[in-house]
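Start at 1 and go down the list; that is how both ligands and their atoms are numbered.
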Amino acid sequence: MTHVPRGRFVTVEGQDGAGKTTNLSVIRDTLESSGIHVVQTREPGGTPWGEALRDLVLNRHDIDIAPIAELLTIFAARAQHIHQVIEPALSSGKWVLCDRFTDATYAYQGGGRGISLDTIALLEDTVQGKLKPDLTLLFDIDIDTSNARARQRSEADRFESEQDSFKQAVRTQYLKLAKQNPQRVKVIDASRPLEQVVRAVRSQVNDFIKAVIGE
Ligand code: Z5A
């Protein structure tokens with residue numbers, strides 16, 4: 001039987017309105033034009049069951065959801081996502097491009113909600129084992145610009161409705177993660193005009209592809 005090299009796991013992160021969705025197609029096109037098969041997915045969600053949990057986490061403004069319940073729901077969706085989508089794709093040699101993953105949990109549930117990072121790390125180990133992203137693009141933007149961009153869209157979810165202090169804590173935690181993991185997490189200054197952001201994204205993804213091919 002021929003050995004299929006394991007695929008790579010690429011994630012995108014950042015505050016709401018930072019431009020992740022806009023740039024996902026840029027990342028995907030850059031990978032595909034190098035002949036890479038990409039499975040694009042998102043968190044929370046990525047499976048029918050996970051999408052049902054996503055709806056509960058993002059849209060139930062009528063319930064005072066306990067932070068720990070929110071955290072466990074996100075990890076429940078993630079466990080199913082890994083089992084049903086991420087691991088099978090990586091094992092069959094495809095690359096996975098995921099709109100948010102566990103860095104978002106550290107940023108939103110850790111930084112934003114104030115849950116202990118040790119608790120998150122324990123769940124991360126339990127649910128993911130050794131699985132971690134190979135490359136993360138962090139779209140960083142100041143809160144005023146992110147709010148202005150987010151206002152261009154439809155109804156706010158439970159996180160977009162939070163105070164600026166919550167959003168600032170999310171940003172701070174994301175930047176801490178980037179500092180702690182400089183090899184994996186590449187910060188993109190997303191406050192710049194879109195053409196410049198797109199150029200920076202293409203350059204980071206192409207560098208990563210070259211590094212993988214050269215391995
Ligand atoms: N969440 C969590 O709490 N814990 C977890 O573990 C996980 C997630 C995994 C859903 O995320 C929520 O789940 C998220 C955290 C929580 N909540 N929030 N907030 P999501 O990714 O689905 O939702 P989002 O963050 O709100 O993403 P979004 O709405 O798709 O925003 P975006 O992708 O970052 O931005 P965009 O849609 O690409 O751009 C916004 C607007 O700005 C749009 O009109 C663009 O045309 C414009 N734009 C983009 N880039 C530029 C530039 N460079 N210049 C000018 N205008 C621009």
Measuring from the heavy atoms of Gln196, does anything fall under 4.0 Å of ligand 1?
no
Shared hydrophobic cluster, Leu90 / Ile27 (ILVMFWY, side-chain heavy atoms < 4.5 Å)
no
Please say yes or no: joined through hydrophobic side-chain contacts below 4.5 Å, possibly via intermediate residues, are Val12 and Ile209 part of one cluster?
yes
Evaluate side-chain contact (heavy atoms from CB on, under 4.5 Å) for Arg54 paired with Trp49, printing each intermediate quantity in order.
CA-CA 9 Å; Arg54 175 189 176 94; Trp49 189 67; over 6 Å; no
Using heavy-atom distances only, which candidate in Glu162, Glu195, Gln109, Glu70 approaches atom 2 (C) of ligand 1 most closely?
Gln109
Does some side-chain heavy atom of Gln128 sit less than 4.5 Å from a side-chain heavy atom of Ile82?
yes
Which atoms from ligand 1 have a heavy atom of Thr105 less than 4.0 Å away?
5 (C), 6 (O)
Please compare Phe139, Phe166, Phe159, Tyr106 and report which has the shortest non-hydrogen distance to atom 18 (N) of ligand 1.
Phe159
Which ligand 1 atoms, with their elements, are less than 4.0 angstrom from a heavy-atom of Thr21?
28 (P), 30 (O), 32 (P), 33 (O), 37 (O), 38 (O)
So for Asn23 against ligand 1, with non-hydrogen atoms under 4.0 Å, the contacting part is neither
Only pairs under 3.5 Å count here: list side-chain donor-acceptor contacts from residues 28-39, not counting sequence neighbours, and write none if there are none.
residue : atom : partner : partner atom : Å
Arg28   : NE   : Glu32   : OE2          : 3.1
Arg28   : NH1  : Gln40   : OE1          : 3.1
Arg28   : NH2  : Glu32   : OE2          : 3.4
Thr30   : OG1  : Val26   : O            : 2.6
Ser33   : OG   : Asp29   : O            : 2.9
Ser33   : OG   : Thr30   : O            : 3.1

Check: residues 119-127 side-chain donor-acceptor pairs under 3.5 Å, at least two apart:
residue : atom : partner : partner atom : Å
Thr119  : OG1  : Ser116  : OG           : 3.3
Glu124  : OE1  : Tyr106  : OH           : 2.6
Thr126  : OG1  : Leu122  : O            : 2.7

Does ligand 1 have any atom sitting under 4.0 Å from a heavy atom of Arg192?
yes
Is there a polar contact, in the sense of an N or O pair closer than 3.5 Å, between Gly17 and ligand 1?
yes
Considering Lys20, Arg54, Arg78, Gln15, which one's heavy-atom position lies nearest to atom 22 (O) of ligand 1?
Arg54
Heavy atoms only, cut-off 4.0 Å: how does Val57 contact ligand 1, side chain, backbone, both, or neither?
neither
Check Gln84 against Pro48 and note the closest heavy-atom contact, atom names and distance.
NE2-CD, 3.9 Å
Taking heavy atoms and a distance under 4.0 Å, where does Pro44 meet ligand 1: side chain, backbone, both or neither?
both
On the ring face of Phe208, is Arg8 found with NZ or CZ under 6.0 Å from the centre and within 45° of the axis?
no
Distance under 4.0 Å to a non-hydrogen atom of Glu43: what atoms of ligand 1 satisfy this?
9 (C)
Would you kindly check if the NZ (Lys) or CZ (Arg) of Arg78 is within the cone defined by 45 degrees around the ring axis of Phe75 and under 6.0 Å from the six-membered ring centre?
yes
Backbone or side-chain N or O of Gly14 under 3.5 Å from ligand 1 N or O
no
How does Thr22 reach ligand 1, if at all, at less than 4.0 Å between non-hydrogen atoms: by side chain, backbone, both, or neither?
both
